[in-house]
Amino acid sequence: MVHPTVPPTALAPAAVFDWLDEAAELRARAGLTRTLRSRPAEDPVLDLASNDYLGLVHHPAVTGAAAEAALRWGAGATGSRLVTGTTALHTELEDELAEFCGFEAALVFSSGYAANLAALTALTDPDTLIVSDAYNHASLIDGCRLSRSEVARAPHADPQAVGAALAARHHPRALVVSDSVFSVDGNAAPLTGLAAAARAHGAALLVDDAHGLGVLGPGGRGALAGAGLAGQPDTVATVTLSKSLGSQGGAVLGPRRVVRHLTETARTFIFDTGLAPAAAGAALAALRLLRAEPHRADRAREVARLLAAGLTAAGLHASTPDAAVVSVRAPGPEAAVRWAADCRTAGLAVGCFRPPSVPDGVSRLRLTARGDLTDAQIDRAVAVIAATAP
(Lines give C-alpha, C1' and ligand atoms only; values in the text may rest on other atoms or scores of the structure.)
Protein backbone atom coordinates (compact mmCIF):
# COMPACT_ATOMS: atom_id res chain seq x y z
CA MET A 1 0.00 0.00 0.00
CA VAL A 2 1.33 3.42 -0.96
CA HIS A 3 0.70 6.08 1.66
CA PRO A 4 -0.16 9.56 0.38
CA THR A 5 2.35 12.25 1.08
CA VAL A 6 1.29 14.26 4.10
CA PRO A 7 2.90 17.67 4.46
CA PRO A 8 4.61 18.06 7.84
CA THR A 9 2.78 20.13 10.40
CA ALA A 10 4.54 23.36 11.28
CA LEU A 11 5.80 23.24 14.86
CA ALA A 12 7.19 25.91 17.10
CA PRO A 13 10.91 25.41 17.80
CA ALA A 14 10.15 24.60 21.44
CA ALA A 15 7.80 21.76 20.39
CA VAL A 16 9.90 19.71 17.98
CA PHE A 17 11.15 17.43 20.76
CA ASP A 18 7.86 17.12 22.64
CA TRP A 19 7.66 13.50 21.53
CA LEU A 20 10.68 12.75 23.73
CA ASP A 21 8.67 13.67 26.83
CA GLU A 22 5.93 11.27 25.76
CA ALA A 23 8.49 8.51 25.23
CA ALA A 24 10.01 9.18 28.66
CA GLU A 25 6.58 8.92 30.25
CA LEU A 26 5.98 5.54 28.59
CA ARG A 27 9.34 4.28 29.87
CA ALA A 28 8.52 5.51 33.36
CA ARG A 29 5.19 3.65 33.36
CA ALA A 30 7.01 0.47 32.33
CA GLY A 31 9.61 0.88 35.08
CA LEU A 32 12.41 1.47 32.54
CA THR A 33 13.68 4.89 33.55
CA ARG A 34 17.49 5.02 33.59
CA THR A 35 19.60 7.57 35.42
CA LEU A 36 23.30 8.33 35.77
CA ARG A 37 24.83 8.14 39.22
CA SER A 38 28.26 9.60 39.82
CA ARG A 39 30.41 7.55 42.17
CA PRO A 40 33.19 8.97 44.33
CA ALA A 41 36.79 7.88 43.86
CA GLU A 42 36.69 6.24 47.29
CA ASP A 43 33.32 4.47 47.28
CA PRO A 44 32.70 2.68 50.60
CA VAL A 45 30.26 0.12 49.16
CA LEU A 46 31.28 -3.44 48.28
CA ASP A 47 31.37 -3.50 44.47
CA LEU A 48 29.70 -6.43 42.70
CA ALA A 49 28.39 -4.27 39.85
CA SER A 50 31.50 -3.57 37.78
CA ASN A 51 33.18 -5.86 35.25
CA ASP A 52 36.52 -5.74 37.08
CA TYR A 53 36.69 -9.55 37.10
CA LEU A 54 40.27 -9.87 38.36
CA GLY A 55 40.30 -6.84 40.64
CA LEU A 56 43.02 -5.13 38.61
CA VAL A 57 41.49 -1.71 37.98
CA HIS A 58 43.19 -0.31 41.09
CA HIS A 59 46.27 -2.54 41.05
CA PRO A 60 49.34 -0.32 41.46
CA ALA A 61 51.13 -1.95 38.54
CA VAL A 62 48.17 -1.16 36.27
CA THR A 63 47.51 2.39 37.46
CA GLY A 64 51.23 3.09 37.50
CA ALA A 65 51.58 1.94 33.90
CA ALA A 66 48.65 4.16 32.90
CA ALA A 67 50.23 7.19 34.56
CA GLU A 68 53.64 6.49 33.05
CA ALA A 69 52.14 6.13 29.58
CA ALA A 70 50.21 9.40 29.89
CA LEU A 71 53.33 11.25 31.01
CA ARG A 72 55.43 9.78 28.21
CA TRP A 73 52.99 9.73 25.28
CA GLY A 74 50.45 12.39 26.28
CA ALA A 75 46.85 12.34 27.42
CA GLY A 76 45.42 11.32 24.03
CA ALA A 77 46.37 9.32 20.96
CA THR A 78 46.12 12.55 18.86
CA GLY A 79 44.46 10.94 15.85
CA SER A 80 43.45 7.86 13.92
CA ARG A 81 45.66 4.81 14.36
CA LEU A 82 46.59 5.10 10.67
CA VAL A 83 47.70 8.72 11.01
CA THR A 84 49.25 9.49 14.41
CA GLY A 85 47.33 7.35 16.90
CA THR A 86 49.58 4.27 17.00
CA THR A 87 52.32 4.22 19.62
CA ALA A 88 54.88 1.60 20.53
CA LEU A 89 52.52 0.68 23.38
CA HIS A 90 49.73 -0.19 20.95
CA THR A 91 52.06 -2.45 18.97
CA GLU A 92 53.40 -4.17 22.10
CA LEU A 93 49.87 -4.71 23.38
CA GLU A 94 48.73 -6.23 20.09
CA ASP A 95 51.72 -8.56 19.87
CA GLU A 96 51.44 -9.78 23.45
CA LEU A 97 47.64 -10.08 23.38
CA ALA A 98 47.73 -12.20 20.22
CA GLU A 99 50.49 -14.43 21.61
CA PHE A 100 48.78 -14.84 24.99
CA CYS A 101 45.41 -15.76 23.47
CA GLY A 102 46.92 -18.03 20.81
CA PHE A 103 46.16 -16.05 17.64
CA GLU A 104 48.38 -14.92 14.78
CA ALA A 105 47.61 -11.22 15.14
CA ALA A 106 45.53 -8.63 16.99
CA LEU A 107 44.24 -5.15 16.27
CA VAL A 108 43.37 -2.75 19.11
CA PHE A 109 40.33 -0.43 18.96
CA SER A 110 39.06 2.36 21.18
CA SER A 111 36.35 0.07 22.61
CA GLY A 112 35.07 -3.47 22.46
CA TYR A 113 31.92 -2.10 20.83
CA ALA A 114 34.00 -0.61 18.03
CA ALA A 115 35.88 -3.89 17.63
CA ASN A 116 32.64 -5.83 17.16
CA LEU A 117 31.28 -3.32 14.66
CA ALA A 118 34.55 -3.52 12.73
CA ALA A 119 34.63 -7.31 12.56
CA LEU A 120 31.01 -7.66 11.50
CA THR A 121 30.97 -4.91 8.90
CA ALA A 122 34.39 -5.58 7.36
CA LEU A 123 34.19 -9.39 7.20
CA THR A 124 30.75 -9.53 5.59
CA ASP A 125 28.89 -8.12 2.59
CA PRO A 126 25.55 -8.66 0.78
CA ASP A 127 26.81 -12.09 -0.34
CA THR A 128 27.22 -13.22 3.28
CA LEU A 129 24.69 -14.88 5.57
CA ILE A 130 25.22 -14.07 9.25
CA VAL A 131 23.83 -16.59 11.74
CA SER A 132 23.62 -14.81 15.10
CA ASP A 133 22.67 -16.19 18.52
CA ALA A 134 19.39 -14.75 19.79
CA TYR A 135 21.01 -13.62 23.06
CA ASN A 136 24.05 -11.88 21.57
CA HIS A 137 25.29 -8.58 22.97
CA ALA A 138 23.95 -5.31 21.58
CA SER A 139 27.26 -4.52 19.87
CA LEU A 140 27.03 -7.75 17.87
CA ILE A 141 23.40 -7.03 17.01
CA ASP A 142 24.29 -3.53 15.83
CA GLY A 143 27.17 -4.91 13.79
CA CYS A 144 24.77 -7.31 12.11
CA ARG A 145 22.40 -4.45 11.30
CA LEU A 146 25.20 -2.41 9.76
CA SER A 147 26.72 -5.29 7.83
CA ARG A 148 24.49 -5.15 4.70
CA SER A 149 24.14 -8.92 5.09
CA GLU A 150 21.11 -11.11 5.56
CA VAL A 151 20.91 -12.11 9.22
CA ALA A 152 19.40 -15.33 10.56
CA ARG A 153 18.60 -15.14 14.28
CA ALA A 154 19.36 -18.58 15.70
CA PRO A 155 17.79 -19.93 18.91
CA HIS A 156 20.03 -19.42 21.92
CA ALA A 157 22.99 -21.80 22.24
CA ASP A 158 21.69 -24.20 19.59
CA PRO A 159 24.40 -25.50 17.20
CA GLN A 160 21.87 -27.74 15.43
CA ALA A 161 19.72 -24.73 14.52
CA VAL A 162 22.84 -22.89 13.36
CA GLY A 163 23.71 -25.81 11.11
CA ALA A 164 20.19 -25.88 9.67
CA ALA A 165 20.35 -22.16 8.86
CA LEU A 166 23.70 -22.61 7.16
CA ALA A 167 22.49 -25.63 5.18
CA ALA A 168 19.53 -23.65 3.82
CA ARG A 169 21.54 -20.66 2.69
CA HIS A 170 22.01 -19.53 -0.90
CA HIS A 171 24.85 -17.13 -0.08
CA PRO A 172 28.41 -17.96 -1.14
CA ARG A 173 29.75 -16.95 2.29
CA ALA A 174 28.53 -17.27 5.86
CA LEU A 175 29.56 -16.15 9.34
CA VAL A 176 28.43 -17.66 12.65
CA VAL A 177 28.40 -15.09 15.47
CA SER A 178 28.14 -15.67 19.20
CA ASP A 179 29.23 -14.41 22.58
CA SER A 180 31.51 -16.84 24.39
CA VAL A 181 29.89 -16.01 27.73
CA PHE A 182 26.51 -14.29 27.72
CA SER A 183 26.55 -11.21 29.88
CA VAL A 184 23.11 -11.56 31.46
CA ASP A 185 23.25 -14.99 33.13
CA GLY A 186 26.92 -15.81 32.63
CA ASN A 187 26.32 -19.04 30.72
CA ALA A 188 28.88 -20.18 28.17
CA ALA A 189 28.17 -20.78 24.49
CA PRO A 190 28.64 -24.29 23.06
CA LEU A 191 31.72 -23.20 21.11
CA THR A 192 32.84 -26.63 19.92
CA GLY A 193 29.36 -27.33 18.57
CA LEU A 194 29.15 -23.95 16.87
CA ALA A 195 32.60 -24.43 15.34
CA ALA A 196 31.64 -27.87 14.05
CA ALA A 197 28.42 -26.52 12.51
CA ALA A 198 30.28 -23.64 10.88
CA ARG A 199 33.04 -25.86 9.52
CA ALA A 200 30.59 -28.43 8.17
CA HIS A 201 29.07 -25.73 5.98
CA GLY A 202 32.14 -23.69 5.05
CA ALA A 203 31.35 -20.78 7.36
CA ALA A 204 33.64 -18.63 9.48
CA LEU A 205 33.18 -18.29 13.24
CA LEU A 206 33.27 -14.96 15.11
CA VAL A 207 33.19 -15.09 18.92
CA ASP A 208 32.97 -12.13 21.29
CA ASP A 209 35.14 -13.28 24.21
CA ALA A 210 34.63 -10.14 26.32
CA HIS A 211 33.55 -12.16 29.36
CA GLY A 212 35.93 -15.06 28.77
CA LEU A 213 39.32 -13.36 28.55
CA GLY A 214 40.97 -13.43 31.97
CA VAL A 215 38.45 -15.91 33.37
CA LEU A 216 38.23 -18.98 31.10
CA GLY A 217 40.81 -21.10 29.33
CA PRO A 218 44.29 -22.06 30.53
CA GLY A 219 45.62 -19.22 32.68
CA GLY A 220 42.72 -16.98 31.64
CA ARG A 221 43.60 -17.11 27.94
CA GLY A 222 39.94 -17.06 27.02
CA ALA A 223 37.10 -19.34 26.03
CA LEU A 224 38.46 -20.00 22.55
CA ALA A 225 41.76 -21.21 23.96
CA GLY A 226 39.81 -23.39 26.38
CA ALA A 227 37.83 -24.90 23.50
CA GLY A 228 40.90 -25.51 21.34
CA LEU A 229 39.76 -22.96 18.76
CA ALA A 230 42.33 -20.21 19.24
CA GLY A 231 44.48 -19.70 16.19
CA GLN A 232 42.24 -21.66 13.83
CA PRO A 233 42.27 -20.27 10.26
CA ASP A 234 38.49 -19.88 10.15
CA THR A 235 38.03 -18.34 13.60
CA VAL A 236 38.07 -14.72 14.77
CA ALA A 237 37.70 -13.42 18.33
CA THR A 238 36.89 -10.01 19.74
CA VAL A 239 37.78 -9.00 23.29
CA THR A 240 37.49 -6.00 25.55
CA LEU A 241 40.27 -4.48 27.61
CA SER A 242 37.78 -2.98 30.07
CA LYS A 243 36.81 -6.08 32.04
CA SER A 244 39.47 -8.53 33.22
CA LEU A 245 42.29 -6.20 32.15
CA GLY A 246 40.89 -3.26 34.13
CA SER A 247 41.47 -0.70 31.39
CA GLN A 248 39.52 0.46 28.35
CA GLY A 249 39.42 -0.47 24.67
CA GLY A 250 38.90 -3.60 22.59
CA ALA A 251 40.64 -5.81 20.08
CA VAL A 252 40.06 -8.23 17.23
CA LEU A 253 42.21 -11.37 17.15
CA GLY A 254 42.54 -13.76 14.26
CA PRO A 255 44.54 -14.79 11.21
CA ARG A 256 47.03 -12.18 10.05
CA ARG A 257 45.14 -11.59 6.79
CA VAL A 258 41.97 -10.83 8.73
CA VAL A 259 43.78 -8.18 10.79
CA ARG A 260 45.30 -6.70 7.63
CA HIS A 261 41.85 -6.52 6.05
CA LEU A 262 40.39 -4.75 9.10
CA THR A 263 43.28 -2.29 9.17
CA GLU A 264 42.55 -1.30 5.59
CA THR A 265 38.73 -1.41 5.54
CA ALA A 266 37.11 -1.24 9.01
CA ARG A 267 35.46 2.16 9.43
CA THR A 268 35.57 2.11 13.24
CA PHE A 269 39.35 1.71 12.94
CA ILE A 270 40.10 4.07 10.05
CA PHE A 271 37.91 6.97 11.19
CA ASP A 272 38.19 6.70 14.98
CA THR A 273 40.81 8.26 17.22
CA GLY A 274 43.17 5.63 18.58
CA LEU A 275 42.98 4.24 22.08
CA ALA A 276 44.56 6.63 24.60
CA PRO A 277 48.14 5.66 25.53
CA ALA A 278 47.23 5.45 29.22
CA ALA A 279 44.61 2.80 28.45
CA ALA A 280 47.02 0.85 26.24
CA GLY A 281 49.70 0.96 28.93
CA ALA A 282 47.29 -0.14 31.65
CA ALA A 283 45.97 -3.05 29.58
CA LEU A 284 49.49 -4.20 28.77
CA ALA A 285 50.46 -4.15 32.45
CA ALA A 286 47.30 -6.07 33.40
CA LEU A 287 47.98 -8.66 30.70
CA ARG A 288 51.48 -9.21 32.05
CA LEU A 289 50.08 -9.56 35.59
CA LEU A 290 47.62 -12.19 34.41
CA ARG A 291 50.39 -14.10 32.67
CA ALA A 292 52.49 -14.03 35.86
CA GLU A 293 49.55 -14.81 38.18
CA PRO A 294 47.23 -17.24 36.37
CA HIS A 295 45.54 -18.19 39.66
CA ARG A 296 43.53 -14.96 39.37
CA ALA A 297 41.34 -16.60 36.70
CA ASP A 298 40.72 -19.64 38.92
CA ARG A 299 39.72 -17.44 41.84
CA ALA A 300 37.23 -15.44 39.76
CA ARG A 301 35.43 -18.65 38.79
CA GLU A 302 35.55 -19.90 42.39
CA VAL A 303 33.99 -16.68 43.69
CA ALA A 304 31.18 -17.02 41.13
CA ARG A 305 30.45 -20.56 42.27
CA LEU A 306 30.41 -19.52 45.93
CA LEU A 307 28.06 -16.61 45.25
CA ALA A 308 25.65 -18.78 43.27
CA ALA A 309 25.68 -21.52 45.88
CA GLY A 310 25.05 -19.08 48.72
CA LEU A 311 22.20 -17.32 46.94
CA THR A 312 20.59 -20.61 45.95
CA ALA A 313 20.84 -21.87 49.54
CA ALA A 314 19.08 -18.67 50.60
CA GLY A 315 16.13 -19.60 48.39
CA LEU A 316 16.82 -17.20 45.52
CA HIS A 317 16.77 -18.02 41.81
CA ALA A 318 20.47 -17.63 40.95
CA SER A 319 22.06 -18.64 37.67
CA THR A 320 24.68 -21.38 37.47
CA PRO A 321 27.81 -19.52 36.37
CA ASP A 322 30.18 -20.78 33.68
CA ALA A 323 32.50 -17.80 34.13
CA ALA A 324 32.39 -14.77 36.48
CA VAL A 325 28.80 -13.53 36.10
CA VAL A 326 25.95 -14.51 38.42
CA SER A 327 22.40 -13.25 38.03
CA VAL A 328 19.45 -13.36 40.42
CA ARG A 329 15.97 -13.10 38.99
CA ALA A 330 13.61 -10.35 40.18
CA PRO A 331 9.79 -10.26 40.02
CA GLY A 332 9.80 -7.34 37.57
CA PRO A 333 11.66 -4.22 36.46
CA GLU A 334 10.45 -1.94 39.25
CA ALA A 335 11.17 -4.59 41.88
CA ALA A 336 14.65 -5.05 40.44
CA VAL A 337 15.36 -1.31 40.68
CA ARG A 338 14.15 -1.19 44.29
CA TRP A 339 16.15 -4.31 45.16
CA ALA A 340 19.36 -2.86 43.73
CA ALA A 341 18.72 0.42 45.58
CA ASP A 342 18.14 -1.41 48.86
CA CYS A 343 21.37 -3.34 48.37
CA ARG A 344 23.26 -0.08 47.87
CA THR A 345 21.71 1.39 51.02
CA ALA A 346 23.02 -1.69 52.83
CA GLY A 347 26.52 -1.11 51.41
CA LEU A 348 26.50 -3.40 48.37
CA ALA A 349 26.61 -2.29 44.72
CA VAL A 350 24.96 -4.70 42.27
CA GLY A 351 23.96 -4.43 38.64
CA CYS A 352 20.32 -4.14 37.63
CA PHE A 353 19.35 -5.56 34.23
CA ARG A 354 15.90 -4.84 32.80
CA PRO A 355 14.29 -4.95 29.35
CA PRO A 356 15.46 -4.26 26.72
CA SER A 357 18.90 -5.20 28.09
CA VAL A 358 17.71 -8.74 28.86
CA PRO A 359 16.75 -10.77 25.76
CA ASP A 360 14.21 -12.94 27.60
CA GLY A 361 12.43 -9.96 29.20
CA VAL A 362 13.16 -11.13 32.77
CA SER A 363 14.60 -8.48 35.09
CA ARG A 364 17.60 -9.44 37.22
CA LEU A 365 20.28 -8.37 39.59
CA ARG A 366 23.66 -9.03 37.97
CA LEU A 367 26.67 -9.75 40.15
CA THR A 368 30.33 -9.65 39.18
CA ALA A 369 32.42 -12.34 40.86
CA ARG A 370 35.63 -10.39 41.31
CA GLY A 371 38.67 -12.52 41.88
CA ASP A 372 39.94 -10.30 44.70
CA LEU A 373 36.88 -10.80 46.92
CA THR A 374 37.45 -12.52 50.25
CA ASP A 375 35.22 -15.29 51.60
CA ALA A 376 33.94 -12.85 54.22
CA GLN A 377 32.93 -10.37 51.51
CA ILE A 378 31.15 -13.13 49.60
CA ASP A 379 29.17 -14.09 52.73
CA ARG A 380 28.30 -10.43 53.33
CA ALA A 381 27.08 -9.98 49.74
CA VAL A 382 24.85 -13.06 49.96
CA ALA A 383 23.40 -11.90 53.28
CA VAL A 384 22.57 -8.41 51.96
CA ILE A 385 20.95 -9.69 48.76
CA ALA A 386 18.88 -12.23 50.66
CA ALA A 387 17.81 -9.74 53.34
CA THR A 388 16.68 -7.14 50.78
CA ALA A 389 14.99 -9.55 48.35
CA PRO A 390 11.48 -8.44 47.32
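Numbers for residues simply follow the sequence, beginning at 1.
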Chemist: Would His156 and Asn187 count as having a side-chain donor-acceptor pair, cut-off 3.5 Å?
Modeler: yes
Chemist: May I ask you to decide whether Arg299 forms a salt bridge with Asp375, counting only side-chain N to carboxylate O separations under 4.0 Å?
Modeler: yes
Chemist: So which heavy atom on Ala276 is nearest to which on Ala75, and how close?
Modeler: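 Taking every non-hydrogen atom into account, CB-O, 3.9 Å.
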Chemist: Return yes if some donor-acceptor pair links the side-chain N/O of Thr240 with the main-chain N/O of Gly249 below 3.5 Å, else return no.
Modeler: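 Side chain of Thr240 to backbone of Gly249, a donor-acceptor pair under 3.5 Å: yes, one is there.
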Chemist: Aromatic rings His211 and Tyr53: how do their planes relate, parallel, tilted or perpendicular, breaks at 30° and 60°?
Modeler: tilted
Chemist: Under 4.5 Å between side-chain heavy atoms, counting indirect links through other Ile/Leu/Val/Met/Phe/Trp/Tyr residues: same cluster for Val303 and Val57 or not?
Modeler: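 No; tracing contacts between hydrophobic side chains, which count when under 4.5 Å, never links both residues.
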Chemist: Would you confirm whether Asp52, through its side chain, and Leu56, through its main-chain N or O, come within 3.5 Å as a donor-acceptor pair?
Modeler: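 Pair found, side chain donor or acceptor close to backbone of Leu56.
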Chemist: Measuring only between side-chain heavy atoms, which start at C-beta, is Asp142 closer than 4.5 Å to Leu117?
Modeler: yes
Chemist: Under a 4.5 Å side-chain heavy-atom rule over Ile, Leu, Val, Met, Phe, Trp and Tyr, are Ile378 and Val384 clustered together?
Modeler: yes
Chemist: Can you check side-chain contact (heavy atoms from CB on, under 4.5 Å) on Asp322 and Leu216, steps first, answer last?
Modeler: CA-CA 9 Å; Asp322 290 325; Leu216 299 180; 5.8 Å; no
Chemist: Counting only heavy atoms not in Arg344, do more than 12 sit closer than 6.0 Å to its CZ atom?
Modeler: yes
Chemist: If you define the side chain from C-beta out and look only at heavy atoms, does anything of Val236 sit under 4.5 Å from Pro255?
Modeler: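 With C-beta onward as the side chain, the pair touches.
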Chemist: Hydrophobic cluster membership, with links at side-chain heavy-atom distances under 4.5 Å among I/L/V/M/F/W/Y: are Leu287 and Leu54 in one?
Modeler: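 Linked, Leu287 and Leu54 end up in one cluster.
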Chemist: What's the shortest heavy-atom distance between Ala77 and Thr273, and which atoms?
Modeler: CB-CG2, 4.3 Å
Chemist: For Glu68, does the CD atom have more than 12 heavy-atom neighbours from other residues, nucleotides or ligands under 6.0 Å away?
Modeler: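 No, CD of Glu68 has 12 or fewer neighbouring heavy atoms, counting only those of other groups under 6.0 Å.
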Chemist: Within the distance-only criterion (no hydrogens, no angle test), does the side chain of Gln232 pair as donor or acceptor with the backbone N or O of Leu229 below 3.5 angstrom?
Modeler: no
Chemist: Looking at Glu92 and Arg288, is any side-chain nitrogen of the basic one under 4.0 Å from a carboxylate oxygen of the acidic one?
Modeler: yes
Chemist: Do any N or O atoms from the side chain of Glu94 and from the backbone of Val108 form a donor-acceptor pair under 3.5 angstrom?
Modeler: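 Flag set: sc Glu94 to bb Val108 pair under 3.5 Å.
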Chemist: With rounding to the nearest 0.5 Å, note down the distance linking CG in Leu129 to OG1 in Thr124.
Modeler: 10.5 Å
Chemist: Any chance CD of Gln248 has more than 12 other-residue heavy atoms, nucleotides or ligands included, within less than 6.0 Å?
Modeler: no
Chemist: What distance do Arg380 atom CZ and Leu48 atom CG have between them, rounded to the nearest 0.5 Å?
Modeler: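 That separation rounds to 9.5 Å.
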Chemist: Is any side-chain heavy atom of Ile385 closer than 4.5 Å to one of Leu348?
Modeler: yes
Chemist: Using a 6.0 Å cut-off, check whether atom CZ of Arg39 has over 12 heavy atoms from anything other than its own residue.
Modeler: no
Chemist: Ignoring hydrogens and angles, state whether a donor on the side chain of Thr128 or Asp125 is under 3.5 Å from an acceptor on the partner side chain.
Modeler: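 Yes - a donor-acceptor pair under 3.5 Å links their side chains.
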Chemist: Between Ala157 and Pro190, which heavy-atom pair has the shortest distance, and what is it?
Modeler: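 Taking every non-hydrogen atom into account, CB-CD, 3.8 Å.
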Chemist: Would you check if Ser244 and Val215 make a side-chain contact, meaning some heavy-atom pair closer than 4.5 Å?
Modeler: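 Side chain of Ser244 against side chain of Val215, heavy atoms only: contact under 4.5 Å found.
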Chemist: What pair of heavy atoms forms the shortest contact from Leu89 to Ala280, and how long is it?
Modeler: CB-CB, 4.3 Å
Chemist: Backbone N or O of Thr33 within a donor-acceptor pair of the Arg354 side chain at under 3.5 Å?
Modeler: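 It does hold such a pair.
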Chemist: Are Leu20 and Leu11 joined in one hydrophobic group, where the rule is that I, L, V, M, F, W and Y side chains link up if heavy atoms are under 4.5 Å apart?
Modeler: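 They do share one cluster, since a chain of ILVMFWY contacts under 4.5 Å joins Leu20 to Leu11.
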Chemist: Quick check: do Arg81 and Thr86 have side-chain heavy atoms less than 4.5 Å from each other?
Modeler: yes
Chemist: Side-chain contact, heavy-atom cut-off 4.5 Å: Cys144 with Ser149?
Modeler: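 They are not in side-chain contact.
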Chemist: Between Ser139 and Asn116, is there a side-chain donor-acceptor contact under 3.5 Å, judged purely by atom types and distance?
Modeler: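 Side-chain D/A pair, Asn116 to Ser139: present.
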Chemist: Arg364 and side-chain contact (heavy atoms from CB on, under 4.5 Å): which single residue from Val184, Val326, Val350 fits?
Modeler: Val184
Chemist: Transitively linked via ILVMFWY side-chain contacts under 4.5 Å: Leu120 with Tyr113?
Modeler: no
Chemist: How long is the gap from CZ on Arg169 to NE2 on His201, to the nearest 0.5 Å?
Modeler: 8.5 Å
Chemist: Using modelled atom types only, decide if a donor and an acceptor are shared between the side chain of His90 and the backbone of Leu275 within a distance under 3.5 Å.
Modeler: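 Checking the backbone N and O of Leu275 against the side chain of His90, a donor-acceptor pair under 3.5 Å is found.
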Chemist: Do Arg370 and Arg296 pass the side-chain contact (heavy atoms from CB on, under 4.5 Å) test, and can you show the C-alpha distance, the side-chain angles, and the key distance before you say yes or no?
Modeler: CA-CA 9 Å; Arg370 290 201 342 258; Arg296 289 180 178 273; over 6 Å; no
Chemist: Per the side-chain contact (heavy atoms from CB on, under 4.5 Å) rule, which among Asn136, Asp133, Val162, Leu205 passes with Val177?
Modeler: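 Answer to the side-chain contact (heavy atoms from CB on, under 4.5 Å) test with Val177 among Asn136, Asp133, Val162, Leu205: Asn136.
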Chemist: Can you give me the closest heavy-atom contact between Pro155 and Ala161, atom names plus distance?
Modeler: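 Residues Pro155 and Ala161, closest heavy atoms: CD-CB, 3.5 Å.
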Chemist: How long is the span from the CG atom in Leu82 to the CG atom in Asp272, to the nearest 0.5 Å?
Modeler: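 These two atoms lie 11.0 Å from each other.
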Chemist: Tell me whether Gln160 at atom CD has more than 12 heavy atoms from other residues, nucleotides or ligands lying less than 6.0 Å away.
Modeler: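 Count not over threshold, so no.
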Chemist: Taking Arg338 for the side chain and Pro390 for the main chain, is one N or O donor matched with an acceptor at less than 3.5 Å?
Modeler: no
Chemist: Given Leu224 and Phe103, is the side-chain contact (heavy atoms from CB on, under 4.5 Å) satisfied, shown in steps?
Modeler: CA-CA 10 Å; Leu224 288 144; Phe103 289 84; 4.1 Å; yes
Chemist: Would you say the side-chain atoms of Thr121 pair up with the backbone N or O of Leu146, donor to acceptor, closer than 3.5 Å?
Modeler: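 Answer holds: no.
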Chemist: Determine yes or no for a side-chain-to-main-chain donor-acceptor pair under 3.5 angstrom, with Arg366 supplying the side chain and Ser183 the backbone.
Modeler: yes
Chemist: Please give me the minimum heavy-atom distance between Ala30 and Pro333, naming the atom from each residue.
Modeler: O-CG, 3.6 Å
Chemist: Answer whether the closest heavy-atom distance between the side chains of Val382 and Leu316 falls below 4.5 Å.
Modeler: no
Chemist: Output the distance between atom OG1 (Thr238) and atom NE2 (His137), rounded to the nearest 0.5 Å.
Modeler: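 Atom-to-atom, Thr238:OG1 and His137:NE2 are 10.5 Å apart.
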Chemist: For residues Phe109 and Val252, determine if any side-chain heavy atom of one lies less than 4.5 Å from a side-chain heavy atom of the other.
Modeler: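 Touching, per the 4.5 Å side-chain cut-off.
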Chemist: Could you go step by step and tell me if Leu373 and Leu46 meet the side-chain contact (heavy atoms from CB on, under 4.5 Å) rule?
Modeler: CA-CA 9 Å; Leu373 293 180; Leu46 177 60; 3.9 Å; yes
Chemist: Could you measure the distance from the CG atom of Asp209 to the CG atom of Leu253? Nearest 0.5 Å is fine.
Modeler: 9.0 Å
